[in-house]
Structure formats: C-alpha cells, structure tokens
Amino acid sequence: MKALDKMDNLDKAGLLCKLFPAELENLQNAIKKQCDYFLQNETAFREGWY
C-alpha cells in the first residue's frame with residue numbers, strides 16, 4: 001500500500017471505501033447532495049467567482 005502522502009484522490013477514495021464499507025451509501029448521498037446544491041446555485045457561484 002502507498003503512503004497516504006503519495007496517494008492521489010482515487011487511491012484515497014478506494015481506501016475510504018475499503019475501511020468503511022458500511023458508510024459507502026452515506027458518502028455517496030453526501031456527494032450527490034453537494035453536487036445538487038452546486039447545480040441549483042450555479043449562477044450565483046459563477047457571478048461570485050473572481
């Protein structure tokens with residue numbers, strides 16, 4: 001296994017899924033909720049982007 005500081009985001013996500021398989025659905029729901037929030041407020045985010 002790679003050291004944590006040598007892992008990319010995909011490696012870290014795979015590790016989280018292996019360590020906490022019971023929480024996988026909660027993680028997916030949290031990610032979906034955040035994506036939906038950004039999509040619903042896309043215009044506001046784009047207007048505030050510098």
Side-chain angles (χ1 to χ4, degrees):
M1 185 167 84
K2 294 181 189 178
L4 193 58
D5 63 339
K6 303 291 184 200
M7 290 183 173
D8 59 19
N9 287 341
L10 189 59
D11 294 328
K12 291 175 186 176
L15 179 61
L16 281 173
C17 291
K18 289 177 186 174
L19 289 173
F20 305 104
E23 294 297 322
L24 186 57
E25 187 174 349
N26 291 334
L27 287 169
Q28 289 173 327
N29 290 337
I31 292 168
K32 177 159 180 16
K33 183 177 178 182
Q34 194 66 41
C35 289
D36 290 342
Y37 172 75
F38 284 126
L39 288 172
Q40 290 172 0
N41 297 293
E42 180 181 1
T43 305
F45 284 115
R46 288 185 183 273
E47 289 174 356
W49 202 279
Y50 294 100

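The first residue of the sequence shown is numbered 1, and numbering continues consecutively from there.
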A.B. asks: Just to verify, what does Y37 make a ring-ring contact (aromatic ring centres under 6.0 Å, His included) with, not counting sequence neighbours?
C.D. replies: F45
A.B. asks: Give the minimum heavy-atom separation between K12 and M7, together with the two atoms involved.
C.D. replies: CE-O, 3.6 Å
A.B. asks: State whether the side chain of N41 and the backbone N or O of A44 hold a donor-acceptor pair below 3.5 Å, judged by distance alone.
C.D. replies: no
A.B. asks: Go through L15 and M1 one step at a time and tell me if the side-chain contact (heavy atoms from CB on, under 4.5 Å) criterion holds.
C.D. replies: CA-CA 10 Å; L15 179 61; M1 185 167 84; 4.0 Å; yes
A.B. asks: Mark yes when over 12 heavy atoms from residues, nucleotides or ligands other than K2 sit less than 6.0 Å from its NZ; otherwise mark no.
C.D. replies: yes
A.B. asks: Applying side-chain contact (heavy atoms from CB on, under 4.5 Å) between Q28 and each of L24, I31, N26, report the one that passes.
C.D. replies: L24
